[in-house]
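In each ligand, atom 1 is the first atom listed, and ligand 1 is the first ligand listed. Positions are given from 1 along the sequence.
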Amino acid sequence: MDKINQDFKELIEVAQESKKNAYVPYSGFKVGAAVMTGDGKIYGGCNVENASYGATNCAERTAVFKAVSEGHTDIKAIAISGDTKEHLYPCGICRQVLIEFGDDIIIVLMNKNGEAKLTTIGKLLPNSFTNKDMEEVQDGI
Ligand SMILES: [Zn+2]
């Protein structure tokens, strides 16, 4: 087991386990994710599709929303597990949701073989629109 898999062992396991619950009757594209909060709690999530496709929710956002709804906005890391040959990256909407909680959130990307690599949300979404932009406007009022 390499160092990343060891350092993020539990987070990766929860993401992989959550993937089993993916509700994907339309695409068959299962994804699991797991968020780690500042105090070490872990929240898993899966993608949830809908007959009205636009109502579909990604695994990453499910996990983030579960953490936030339990009172945790201090998000340290998220692991993403898919069944793709290449490492699976979060979509644009999920990147926007993640950067709301800090540009230094660690993202553990995995491929179908469970091989992991690391990046940060700040690297995946440079020059982003964030709450800092909102504060700037409010300061000007
Ligand atoms: Zn997404």
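The existence of a salt bridge linking Lys9 and Glu13 is confirmed by a sub-4.0 Å separation between a basic side-chain nitrogen and an acidic carboxylate oxygen.
Lys41 pairs by the salt bridge (charged side-chain N to carboxylate O under 4.0 Å, His left out) definition with Asp39, not counting sequence neighbours. Residues meeting the side-chain contact (heavy atoms from CB on, under 4.5 Å) test with Ile93, sequence neighbours left out: Arg61, Cys91. For Lys76, the salt bridge (charged side-chain N to carboxylate O under 4.0 Å, His left out) partners two or more places apart in sequence, or in a different chain, are Asp74.
Looking only at protein N/O/S atoms, the ones less than 2.8 Å from the Zn ion (ligand 1) make 3 in total.
Note: Gln16 CD to Asp83 CG = 9.5 Å, rounded to the nearest 0.5 Å.
A side-chain donor-acceptor contact under 3.5 Å links Asn111 to the backbone of Asn113.
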